[in-house]
Novice: 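Right, I'll just put the structure down here and ask away after.
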Amino acid sequence: RKAAWARTEFGALLRLHDESHLDILELPGSYAGAFGYPQFMPSNVLRYGIDGDRDGKIDLYNYSDAIMSVGNFLSRKGWTDDILRQQRALLRYNNSRTYVADVLTTASLIRENFIVD
């Protein structure tokens, strides 16, 4: 099962190379193949990647592209204003309740301390 998953991700990586001229031999990433600021797997880049700065390519080491891509991922996983839906969407990104609680707590602190209405 893991081998089939790895072949699928490798195919997605080759497709990214062909379609976006991504230099896959120089791509820094995790041991499992995730890359960019959001640490997306290649198949997730194909599914959820957004060209946030409209320069014609999706570069997850570019803040605009990375932020828009994460937003697209969460939106498509069901993110709404409802806290339970936010938790579920975040769990689709990282299946750790501790991670989800930390993200939501951090977001709340940012809203309270840095965002002026």
Side-chain angles (χ1 to χ4, degrees):
R1 193 174 68 167
K2 192 76 131 177
W5 169 83
R7 280 191 296 276
T8 299
E9 291 302 328
F10 183 62
L13 185 62
L14 291 175
R15 186 170 157 204
L16 284 170
H17 172 72
D18 286 343
E19 292 177 3
S20 66
H21 307 291
L22 184 67
D23 186 353
I24 60 176
L25 297 178
E26 296 295 324
L27 186 65
S30 74
Y31 73 93
F35 63 93
Y37 296 136
Q39 289 293 284
F40 275 11
M41 294 302 294
S43 62
N44 282 340
V45 177
L46 292 173
R47 274 188 216 109
Y48 308 110
I50 298 287
D51 179 11
D53 62 0
R54 298 184 178 140
D55 68 351
K57 62 182 179 175
I58 297 168
D59 176 5
L60 295 184
Y61 290 100
N62 169 294
Y63 288 115
S64 296
D65 294 1
I67 290 167
M68 293 298 290
S69 297
V70 169
N72 186 40
F73 175 91
L74 292 172
S75 174
R76 291 181 54 191
K77 295 300 179 182
W79 184 281
T80 67
D81 288 338
D82 178 67
I83 190 74
L84 292 176
R85 303 248 353 218
Q86 292 174 8
Q87 290 171 340
R88 283 189 211 123
L90 286 167
L91 283 168
R92 298 293 306 267
Y93 178 76
N94 185 324
N95 192 26
S96 163
R97 296 209 176 272
T98 301
Y99 172 84
V100 169
D102 287 346
V103 167
L104 293 174
T105 298
T106 301
S108 178
L109 290 170
I110 290 169
R111 263 191 311 279
E112 291 171 11
N113 294 299
F114 296 104
I115 298 177
V116 179
D117 291 326

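Along the sequence shown, residues are numbered consecutively beginning with 1.
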Novice: Mind checking what makes ring pair (Phe, Tyr, Trp, His ring centres under 6.0 Å) contact with Y37, not counting sequence neighbours?
Specialist: Y61, Y63

Novice: Please step through side chain to side chain contact (heavy atoms under 4.5 Å, CB included) for the pair L16 and L27, ending with a clear verdict.
Specialist: CA-CA 12 Å; L16 284 170; L27 186 65; over 6 Å; no

Novice: Find the distance between CG (D18) and CG (L13) and round it off to the nearest 0.5 Å.
Specialist: 10.0 Å

Novice: So which heavy atom on H17 is nearest to which on L22, and how close?
Specialist: ND1-O, 2.7 Å

Novice: On a heavy-atom basis, which atom in F35 and which in P28 lie closest, and how many Å separate them?
Specialist: CB-O, 3.4 Å

Novice: Can you tell me how far the CG atom of L46 sits from the CD atom of E9, to the nearest 0.5 Å?
Specialist: 9.0 Å

Novice: Counting only heavy atoms from other residues, nucleotides and ligands, does the tally under 6.0 Å from CZ of R97 exceed 12?
Specialist: no

Novice: Return yes when atom CZ of F10 has more than 12 non-hydrogen atoms of other residues, nucleotides or ligands closer than 6.0 Å, and no otherwise.
Specialist: no

Novice: How about S20 and I58: do any of their side-chain heavy atoms sit closer than 4.5 Å?
Specialist: no

Novice: Nearest heavy-atom pair of D81 and Q86: which atoms, and what distance?
Specialist: O-NE2, 3.5 Å

Novice: Show me, pair by pair, the donor-acceptor contacts under 3.5 angstrom made by side chains of residues 68-75, not counting sequence neighbours?
Specialist:
unit_1	atom_1	unit_2	atom_2	d
S69	OG	I50	N	2.8
S69	OG	D65	O	2.7
N72	ND2	Y48	O	3.0

Novice: May I ask you to decide if T106's main-chain N or O and D102's side chain share a donor-acceptor pair within less than 3.5 Å?
Specialist: no

Novice: Would you check if the side chain of R76 reaches a backbone N or O of R47 as a donor-acceptor pair within less than 3.5 Å?
Specialist: yes

Novice: What pair of heavy atoms forms the shortest contact from Q39 to S30, and how long is it?
Specialist: OE1-CB, 3.5 Å

Novice: Grouping I, L, V, M, F, W and Y whenever their side-chain heavy atoms are under 4.5 Å apart, do L14 and L60 come out in a common cluster?
Specialist: yes

Novice: If you look at every heavy atom in S43 and A12, which pair is closest and at what distance?
Specialist: N-CB, 3.6 Å

Novice: For residues I83 and L90: do they belong to one hydrophobic cluster (side chain heavy atoms under 4.5 Å, members Ile, Leu, Val, Met, Phe, Trp, Tyr)?
Specialist: yes

Novice: Nearest 0.5 Å, what's the CG-CD1 distance between D53 and I67?
Specialist: 11.0 Å

